[in-house]
Structure formats: C-alpha cells, structure tokens
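Single-structure report; data block below.
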Amino acid sequence: MEEKYNFSEIEKKWQKYWEDNKSFKVTEDRSKKKFYDLEMFPYPSGKLHMGHVRNYSIGDVIARFKTMQGYNVLHVMGFDSFGLPAENAAIKHGIAPAKWTWDNIHEMEGELRRLGLSYDWDREVQTCSPDYYKWMQWIFIQFYNKGLAYKKENPVNWCPSCQTVLANEQVVDGCCERCDTPVTKKNLSQWYLRITEYADRLLDNLDDLPGWPNKVKVMQRNWIGRSVGAEIDFKIKDSDKALKVFTTRADTLFGATFMVMSPEHPYLMELVKGSEYEKPVNEYVEEVKHLNDIERTSTTREKTGVFIGRYAVNPVNGKEIPIYISDYVLMTYGTGAIMAVPAHDQRDFDFAKKFGLDIVPVVSSADPEIDVNNLTEAFAAEGTMINSGQFDGMNNRDAIEKMIDWLDHEGIGKKTVNYKLRDWLISRQRYWGTPIPMIYCDDCGWVPEKEENLPVLLPEDVEFTGKGESPITTSKSFVECTCPRCGKKARREVDTMDTFLDSSWYYLRYTDPHNDKKAWDKDKADYWMNVDQYIGGVEHAILHLMYARFFMMALHDLGLVSEEEPFRNLLTQGMVNKADENGVFKKMSKSVGNVVSPEEILQKYGADTARLFILFAAPPDRELDWSDEGVDGSYRFLNRVWRLVYDFVSTHDGGEIPAEVKSDLDKNLNYVLNTTIKKVTDDISKRYNFNTAISSIMELVNELYKDKDQKDLNQGLYQKAVKTVVILLSPFTPHICEEMWQDLDGNGTLVHHEWPSYDEDALVKDEVEVVVQLNGKVKAKVNVASGLSKDELAEQMQQDERVQKLLEGKTVVKTIAVPDRLVNFVVR
RNA sequence: GCCGGUGUGGCGGAAUUGGCAGACGCACAGGACUUAAAAUCCUGAGGUCUUUAUCGACCGUACCGGUUCGACCCCGGUCACCGGCACCA
C-alpha cells in the first residue's frame, strides 16, 4: 500500500477491474430477492452536470448497499436521446442530429464510468436507437388498436420558436417550457393519447404509493384536478337547444342571474346568426383569438364580454336570464358554458358589476359583518340557504346534494365529475423523434403500419432549414408509401412523437433490452418490476411521472405487464446550488455563471471525493449548497482514512487477529463500532440520510484515531473496526475502499462483500449518564448502571449526594424517571 | 388567490418515539511538529453576565400564545422565504 492516496491511479484501476469482471452484471436469479434501483436517465446534452452527479451518486449508494445486503440488484443507465437540441445543432452547425447525439452519448458514457457507478452496462438503452423506437412504435399501434390513440383537430398550443405543438404540461406560465417563448393557439389535426380515460385510476392509485413524497402526489392530484359537481341543462328561449353547464355549486342555482359561454362554444354562431348581435359577437371572438394564454388568463385583467341577444331559462324558477360570451369561460374545461352566480363567485361578481347585472344572494352568512344583500365582493363561504324556495334554511353544503337529487329527479341535471387533465397531445412537427407509425390512405383513412415493417426508420435525406414545416416533409422516400390495408398509394404521417413517450416505458426495456422479438419478455419484466427505488429531480413530478404511470396502466390493461404502477418508491433529489458573485445561493446555471463542472472536480479530487461531498453536504431531498471548502474537507477525510489504514497495515503483518472485548477501552470501541454499523445501516436503508450515515462513520474514524496508540486496546478488535470503516464507506466511495481492502484483507472485493451486522448486546453500555432535572431544567449528570427500572433509577438518584444537595430545602411533588435517560424532580 | 413545504450557531446541517439543543463537517482561534511554510496531529468555541481562573447564573431552535413534569418536536395564531397551481365554474 502506498503511503500517499493516489486517487487517479486507484480509480482507473478499479473501474477497469469492475468492467473486465462485469462486476455489476445481473440476470433473473429467482433464488435471490430482487431490487430494481433506477435513476432518471439523462438527455445527452454533451456533458454531465452536478445535478446528474448527485442523482447518480445517490442511486449508486443504494445499489451498492443493496447488493452487499444480498439483493439481486438491477442498476442500469441509458439515454433519453431524442429531442430538439440535436435538431438545433443540425440547423446551427450543420451536424446531423444522429451524429451530434451519438457523440454526446459516448462522451457522457465516459464521464459516468469515471464516476465509478455500478451499472450493468450491457443493458444500456438509447431511445434514438431503431432497436428501441421500433418498440415505441409497436406500443403506439397497440394503443391505437385499443382506442387509446386518436387524431383530432383542436386548437392547440403552438411554440413559434420551436415550430411545434406542445402538450398542456409543457406550457409553463403561458410559455414554452423549453425556450420561454409565449405560446399561441393554432387549429391543427394532431395525435392524442387518451390519458383522461385513466384520470380516476391515476388519482386513486396515488393512495397506494406510500413511498412517494407527499408533495409529488399533491401536485399530481392538482394537475388531474378532479371535481365533483353537476351538469345542468338551461333551455334557450326561442330555440330547441339547451345550454349545458357544469357546476360544483349546485346549491347556488337560484342565484344564477345570467349565463356565460366561451367564445369558442360550438353553438354560438348558430345562436346569433342573422341577428343584430352577430357582428359584435364575431368581433369579440376575433379579438379573443389574438390573445395569447398569458394575456387571456391574467387574473388582474378587467372582465370583457358581449351580450349575444339570447336568453336562457333558469330551470328552478323559470326566470329568463341573459346569455353573454366572455373569455374567462374556457372551452377546455367543463362544458364551455357556465351559469353565473355573481353573489357567490368572484369572477361572476366582477362581470356582473361591469355589465350592471342582477346580483341575487342565495346563501346568507352567520358572520354579522357580512350583509349578503349588500356585497362588495362575492361571498363564497359556508352559510344558510335563502331565496331558494324549498331549500331555504338548509346548510348550503347539504343543499348541494339535495339540489342535485332534485335536478336528477326532474330530468334537468345529473351528478358528474370533471377533470382539469386533458388528453395528451403527442404529435410534434419535428424530425428528431420516433416517427408515428401511421399512414393516411384516401380510401381507408388512417391505417397503422404493418408490424413486420417496423421500425419506420427516420429518413436521412432531409434538409434542416429551421423554418417552416418539419424537415421530414422534405424526404420524398419517407412520405410516399403504400396503404398497408389496400395497397394503394398513400402518405406517411410526418409528425414524430413527443419524447416523453420514449421515457414512459424505458424502465421496462431495461428488463429485457436486447429482445428483438418483443418489446420485453413478460416474465422478465414481471421478475424485475416494479422499480423499487426511483430517483430524480422534482421537476418531473407531473410530466414524466404521470405519463409513465399512465403507460404502465395501459400496458397492464393490454396484458403486457402484471403491475400497474411503475415506481414503488420515489426519491426526489434537491437542486445543486452555488453562491453567485453576490454570495447568494442559486441553482447552478450557465446564465448565473456559478457552474462547477464535474470533470474539473474529478480531475482535482477524484470521483470518490466528489461523491462523498455531494452525499455529505445535505440530505438528498434538500437543496445542496456547493462549497469548495467542503470538497476540500471531504478529500481531507478520505486522506485521513487512508492514513489510518496505512498506519495499520504497515505495523501489522496481514492475517486476521482474533477480536476480544476485555478492557474498558475495548468495551468503548466495541460500543462505538456497533452503534455505527446500526446507524449507517438504518440511515441508508430506512431514511436515505446519507449525510448522517457519513458523519457517524467520521465519528468512528475519530474514535480510532484516539485509540490508535492505546496499549490496553485489543488489536483484533481494532483491526475489525478498521475493516468495518472500509466496508461501511464502500457504497459511498468505492474505489478507495477497494484499494484499502486489498491490503487490509485481500479476500475478494467489496462489491459483493457481506454488509456487516451489529451485535445487539454491544449497543448497551454498562454504565449510562443520566440527566437530573429540577422542574424540567438540567441540573446535573450522574453515571449509573444501565437498565435500571424507573423506580430503581429514581431511588438511586435520590441517594446521590449531588442530587440531595440540589433538593435541599425543597419539597418533591412528583418524580418522573425515564430509564437510562433522565430523572425529573418536580419541586416546590 | 388556492395548495404544499421550510425557518436551529459565522455557514452546511444533527437531534429517528415529547426527554442533555447545536452531532459531523466547513470556516475560525490556539497548541504540537518544522529553520520556516504547507501538510498532519491535538485542543477550543451558541449568546450574555459573573469570576484572576475554576465554579456558576440567565437567555437561546422565526414571532406570539397554549398543552405538558418536560416542547426544535404536539395544538392555535402571526410573519418571512421557497416551490407548485391559478379566470378550472
């Protein structure tokens, strides 16, 4: 063993060893308990960033730990390698997207290897590889055949900069999530996946995921946005049509004094045709079309709208109420029309004030400060029903159910459920993605490509102009084809799939990555699924994590997998921050200029130090503040461990020394040793608090330094403790530990070494320090034998000299004793 | 506006079931080693007051209040910051 810790040589050596020996290769070994440990795979942007390092270091600790505990651990890596940046590189630099992507993948594979991550590289997948997207297309066709995929013309979100449509989930604050350009609306015929059919299951199954952070579950619940209410028909005067509305406040029906339709409502033109209102209505509709989402949904904007010249009849009281159109009513939610109850809804209130419409209260408040007949804002809280005929006097919450029952009975309404969740728009007008395997035939309509013809390969004879239509349209050989059903000339779909589809099932392909007959073998998938631990950034809380859940359910319903949830436990890691020039911690980003490149840290300190620091600086789910001094500290610690081991091996000539626990020093070290094993084991497996696991290893190391030259200490025990340090530390810093292990033990490597167990008896000290409190305040500490009962403890304490002194002149009213911890005397 | 989260030394953080607040590390200070420096090893440290020092006293987990023998932890209220959603009927 070298005296000096030479990380660079050591890390190269062990990375090569693991690779040559395929140390992390796994198969479906049914004699062992399996553990599927998965980190979200990266987009091959070119270089790893610290967020990746953090993500994969966390995953690697878990994988290595579980392996040492004897689990059959599936730990894999791949690349989510379709997407726009590759295409932008093509436009900007004239590099083919495929080349750009594969170059990046190879670069990043190298970086991942240099981190010493324990992946079974034989299972690597890349979503841009035809071997992968063939099965993506196959899955799409299964969805299509089941009615889960359909094409429909709709106003869609359009990013003028990316020149493509976006899913609702990809619109953030009215802007494109990728480039921040304000999103506009466009009417386009697009492919959708019927995720709304799974809304209830996506929602209900969340209750069966105790291993998910509550925060993520809440976000998904809100996104699905289930609300229970009623659909009510309002007859339109002088028409055979009825206007259907959705409301969660059926109790306020008597207070509906007008109605509002969305400007996009399909009945609208019919209702105004030929009347004097046709022109102003059309003008308003045009005006609204030109607003983008940010403008339209701004809550601070004053309400706008126009009367359409028609009236509806309130079914409960026969009152004729005017119909307006306004852009605050959205065609994409509910029925696209509402009954307006200005007294009890703020938006309706604002609208009524602006247009001078009636405000009729139907719920009164118990609060004397609120006069519902004289409202300055809508009253939305609980109260008692008024002005509502037979419902008067009821609590309004109870009245909701009663009103719905009544409507149902009268045949004018019924209970319904509405969701905010929309079907998933998956068409993208871009090149670098999975081609949608559909063909349009003038006679047969849309027909899926035959399975034997898959994959539909991306064409290479395309031009990247960055303007106008998708580059694929420039490939004649791609577009022109024959109809798989009738054989006539037909046209191939030129849109590609949203890349979120690729990442919705990759965890399944990992279980059987080289299968060229099937997307995966069901037995293999069933052996490994579901993912026992999934780790990634919280930014995927809605998009990826909900799409993947939807896929798993749909695949389950197709009989392709047995489970219906993909990820049993989820760990969302926090961001990596660093101080900017003003000392304020911000997420590492190029624009702030506070990035630290992993490559630079690997060069200077090595992978083990990088991993150790990142795991030690904060618990995984919290933000991590980068500190150069902290990295130094982690490096110092590894050197400290190295010296400890070096000193030991250079003064002992190999061979196992029998461990004995005799002296007080032995007892103490044995106690620290066993409590450390217990703490590290619990911290990794139960709490994922790697920072505290590491700090307790540090404490053990400090203890060993203290004990180093003690003559009374049993050398066998000391050896055992030194070895244990190396074993416990190995999931965090594998290279240095393997190297030290060679000289310390020499039998095999640590990858499959058994995880140490602790001796319960050693966790109990002979003597414990017990705190003496007076009225809850600490006054003294006394050593007593451990394991005393409450009474014995109290008894013994009362006889202690110092305690007696404390109690002098006071009356003990009550004594509370907690064995091995404290005694509290309540005194007067 | 609604929903969720967080608030502890100079800093990152610890306290796992209501039982010694500040583990571990960073930064800092002192000492040992050295011609010297670096590295290393050892020691110290929440604040205020008192004392030559010891001993000690008081305050202290955002703020106000409550429950309890005892509260960073439980309950009620307030403030600040962070995240998500947002004209969703």
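To find a chain, count down the sequence lines: A is the first, B the second, and so on, and within it residues start at 1. Heavy-atom basis, side chains included; hydrogens, waters and symmetry copies ignored.
Among the atoms of the strands shown, none is found under 4.0 Å from any heavy atom of A:Y419. Residue-level contact check: A:E769 touches the bases, meaning some heavy atom is under 4.0 Å from a base atom. Residue-level contact check: A:N639 touches neither bases nor backbone, having no heavy atom under 4.0 Å from any strand. Residue A:D625 is in sugar-phosphate contact alone, with no base atom involved, counting any heavy-atom pair closer than 4.0 Å across all strands shown. If you check every strand for non-hydrogen atoms under 4.0 Å, A:K420 touches a base.
At B:C69, one or more side-chain N or O atoms of A:K814 fall inside 4.0 Å of OP1 or OP2 (strictly under the cut-off). Contact annotation: A:R640 side-chain N/O to B:C41 OP1/OP2 distance is under 4.0 Å. Contact between the side-chain N/O atoms of A:N691 and the OP1/OP2 oxygens of B:A14 is found at a separation under 4.0 Å. A close approach under 4.0 Å does occur between a side-chain nitrogen or oxygen of A:R636 and OP1 or OP2 of B:A27. In this model, the phosphate group of B:C88 is not approached by any side-chain N or O of A:N222 to a distance below 4.0 Å at OP1 or OP2. Contact annotation: A:R301 does not reach the phosphate of B:A86 (side-chain N/O to OP1 or OP2, under 4.0 Å). Residue A:Y328 places none of its side-chain N or O atoms closer than 4.0 Å to OP1 or OP2 of B:A89. Phosphate proximity of B:A89 to A:S227: present, with a side-chain N or O under 4.0 Å from OP1 or OP2.
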Pairs: protein N or O with nucleotides 54-62 of chain B N or O, under 3.5 Å:
from  : atom 1 : to     : atom 2 : distance (Å)
B:C59 : OP2    : A:K777 : NZ     : 3.2

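Aromatic rings from A:W626 and A:F585 are positioned such that their centres are separated by 6.0 Å or more. Aromatic ring centroids of A:Y605 and A:F7 lie 6.0 Å or more apart.
Remark: A:K587 NZ is loosely packed, at most 12 non-hydrogen atoms of other residues, nucleotides or ligands lying under 6.0 Å away.
In this structure B:G9 sits in no base pair that meets the Watson-Crick or G-U test at under 3.5 Å. Nucleotide B:U48 forms a pair with B:A57, judged by Watson-Crick or G-U wobble geometry with both contacts under 3.5 Å.
Taking atom P in both B:U16 and B:C11, the straight-line distance is 23 Å, to the nearest Å. B:A45 and B:C55 have their P atoms separated by 11 Å, given to the nearest Å.
In summary, A:K708 and A:D647 engage in a salt bridge, as defined by a charged side-chain N under 4.0 Å from a carboxylate O. Between A:K604 and A:D628 there is no salt bridge, since no side-chain nitrogen of the basic residue lies less than 4.0 Å from a carboxylate oxygen of the acidic one. Electrostatic pairing of A:R687 and A:D682 does not count as a salt bridge here, judged by no charged N lying under 4.0 Å from a carboxylate O.
The distance from atom CG of A:L612 to atom C1' of B:C24 is 12 Å, rounded to the nearest whole Å. For the pair A:N824 CG and B:C69 P, the computed distance is 10 Å after rounding to whole Å. The interatomic distance linking A:M261 (CE) with B:A89 (C1') rounds to 15 Å, in whole Å.
The backbone N or O of A:A617 lies less than 3.5 Å from no partner atom in the side chain of A:N691, so there is not a single donor-acceptor pair. Of the possible polar contacts, none joining the A:D327 side chain to the A:V288 backbone as a donor-acceptor pair under 3.5 Å is found.
Among the nucleotides B:C24, B:A15, B:C87, the one closest to any side-chain atom of A:R687 is B:A15.
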